[in-house]
Every structure is written in structure tokens, then in C-alpha cells.
Amino acid sequence: MLNIADSSDYTLGLVNIVKNGEKSIRIGTDEDLSTFASFRSGGQILYGILGIGFNPQYEAIRYGVEGGIGANLLNRTNFRLAAEISSITLTDFDGNYFNKNGLRILPSIKIGPNIYLYGGPSVNYINTDNEDGKKLVKMKIWDKQNSKDYQALNVGFTAGLQLVL
């Protein structure tokens, strides 16, 4: 979960404190308006993701947490390309849930000193136990309803701002 190192390009913790690494804060939203503030930290290549957020649409699945791992595939002066695997859970802390696990490809461009604008597509597996969660699933590739849960695959997107610390 926590990784502290003097130098490492390949960190695998959710929170990574690396002397020659990178730390950033992102504010972003996705296709279902789930909005997250997340901390990304790690080496020059791999980094961890830890975030908190909310979805303003439905009270039954309003509050969220995010965890994951990302990789910087390309890192130029004014352009970056990253791939991320993330898991997002929305809940009301009373038993309702919406889980989204996905792969994101995120190009970003530098728009100011240490500030990047990012956005890109995602492919997600979704599992939820309530009708509000089903309403969040847009652009379905596949879905299945059983007596207890709803599952789906969808194509989505993520966009926002990143501040590199």
C-alpha cells in the first residue's frame, strides 16, 4: 500500500514516496459524472492512484473511492501519454454499491507551468446492486441482469486537470 524509496521507476504501491519520482493531483470526471480528486505518486514509469470523489446524480451511490496503478508510456515536454488500470466504488455506506473497474488511455497536454489537461477513452467492467447504478451505465458493449446484481461492459471517457507537484 505504501512504498518509500530513494529511487525507483517501477513502484507498485497506492502511495509512493520516491525521491526522484513524481507526485501529482488530478481533478477529473467521467462519462457518468463521477468526479474525483486523486493523488498519483510513483516513479518515472509506474505510479499509484488513490482518490476520493462523488457522483451528484443519485443519493444511493453518491460517495466514491478510487485506487489503481498507472504507467507513463510517453513523457515529453508538452505531451504525455499514460495507461491506467483503476477501480472505482460508489456507495451510500448503507449497502448500495456501484463498482467500475477499467482500463484508461490518457493523453495530456501541458497548458501551464506544471498543469496538464488530460482526457481519453476507457473500457470498463461494471457491477452494481441497484437501479441507480444501472442508470449510470452508458455506451454498453454487453450487459447481464441476474436476481441480485447487474453487470456490464462499457466504453467511457475520463477528462480533467492535473497539477504536477
Side-chain angles (χ1 to χ4, degrees), residues 1-3 10-16 22-42 45-73 80-109 116-165:
M1 181 117 163
L2 176 64
N3 182 18
Y10 300 94
T11 56
L12 291 176
L14 286 178
V15 176
N16 303 283
E22 183 175 285
K23 293 176 269 319
S24 66
I25 296 173
R26 282 190 180 172
I27 305 290
T29 192
D30 62 16
E31 76 280 355
D32 58 29
L33 297 181
S34 295
T35 303
F36 280 81
S38 59
F39 179 65
R40 282 159 168 73
S41 59
I45 297 174
L46 290 182
Y47 56 89
I49 304 165
L50 188 59
I52 58 171
F54 72 100
N55 186 291
Q57 299 180 77
Y58 302 108
E59 202 168 308
I61 49 174
R62 172 119 337 137
Y63 307 104
V65 294
E66 175 184 27
I69 189 164
N72 289 312
L73 304 175
R80 293 177 169 205
L81 181 64
E84 297 181 346
I85 297 172
S86 72
S87 181
I88 291 174
T89 298
L90 297 171
T91 185
D92 62 355
F93 298 107
D94 197 28
N96 292 308
Y97 69 88
F98 173 89
N99 294 325
K100 179 164 69 170
N101 304 291
L103 170 65
R104 310 185 269 226
I105 303 297
L106 298 173
S108 60
I109 57 171
Y116 289 82
L117 177 65
Y118 70 90
S122 64
V123 176
N124 309 289
Y125 168 75
I126 297 164
N127 184 0
T128 187
D129 69 344
N130 62 76
E131 288 299 313
D132 289 344
K134 282 176 66 173
K135 293 175 189 173
L136 289 181
V137 180
K138 312 283 192 285
M139 298 181 280
K140 287 183 277 201
I141 299 170
W142 167 88
D143 68 343
K144 177 184 174 186
Q145 175 75 53
N146 65 29
S147 61
K148 183 178 168 186
D149 291 330
Y150 174 75
Q151 301 173 54
L153 287 176
N154 85 325
V155 176
F157 69 88
T158 302
L161 290 174
Q162 176 179 2
L163 174 63
V164 177
L165 306 173

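A distance of 7.5 Å separates CG of Asp32 from CD1 of Ile88, quoted to the nearest 0.5 Å. To the nearest 0.5 Å, the span separating CZ on Phe93 from CZ on Arg62 amounts to 12.5 Å. Between the CZ atom in Phe54 and the CG atom in Leu33 there is a gap of 9.0 Å [rounded to 0.5 Å]. To the nearest 0.5 angstrom, Asp129 atom CG is 6.5 Å from Asp149 atom CG. With values rounded to the nearest 0.5 angstrom, Asp143 atom CG is found 3.5 Å from Tyr150 atom OH. With rounding to the nearest 0.5 angstrom, the CG atom of Leu90 is 12.0 Å from the OH atom of Tyr58.
Heavy-atom minimum distance, Ile126 versus Lys100: CG1-CG, 3.9 Å. Nearest approach of Tyr116 to Ser108, heavy atoms of both residues: CD2-OG, 4.0 Å. The nearest pair of heavy atoms linking Gly102 to Asn124 is CA-OD1, 3.4 Å. Residues Ala83 and Leu73 come closest through the heavy atom pair CB-CD1, 3.9 Å. Contact detail for Gly156 and Glu31: the closest heavy-atom pair is CA-OE1, 3.4 Å. Considering every non-hydrogen atom in both Ala71 and Leu46, the closest pair reads CB-CD2, 3.7 Å.
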Residues Thr158, Asp30; criterion side-chain hydrogen bond (donor to acceptor under 3.5 Å, both in side chains); working and verdict: CA-CA 4 Å; Thr158 302; Asp30 62 16; 5.5 Å; no

Candidate pair Ile49 and Ile69, rule side chain to side chain contact (heavy atoms under 4.5 Å, CB included), full reasoning: CA-CA 6 Å; Ile49 304 165; Ile69 189 164; 5.9 Å; no

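In summary, the side chains of Lys135 and Gln57 do not present any donor paired with an acceptor at a separation below 3.5 Å, with no hydrogens or angles considered. If you check the side chains of Arg26 and Ser24, you find no donor sitting under 3.5 Å from an acceptor. Donor-acceptor pairing under 3.5 Å is recorded for the side chains of Tyr47 and Glu84.
Looking at Thr29, its side chain does come within 3.5 Å of a backbone N or O of Ser34 through a donor-acceptor pair. Here the side chain of Asn154 pairs no donor or acceptor atom with the backbone of Met139 at under 3.5 angstrom. With Asn55 contributing its side chain and Ile61 its backbone, the two residues share no donor-acceptor pair below 3.5 Å.
Annotation: side chain of Asn127 is in contact with side chain of Tyr97 (closest heavy-atom distance under 4.5 Å). Leu81 is not listed as a side-chain neighbour of Leu106, based on a closest heavy-atom distance of 4.5 Å or more.
Other residues, nucleotides and ligands contribute at most 12 non-hydrogen atoms within 6.0 Å of the CD1 atom of Ile85. Other residues, nucleotides and ligands place no more than 12 heavy atoms under 6.0 Å from the CD1 atom of Ile52.
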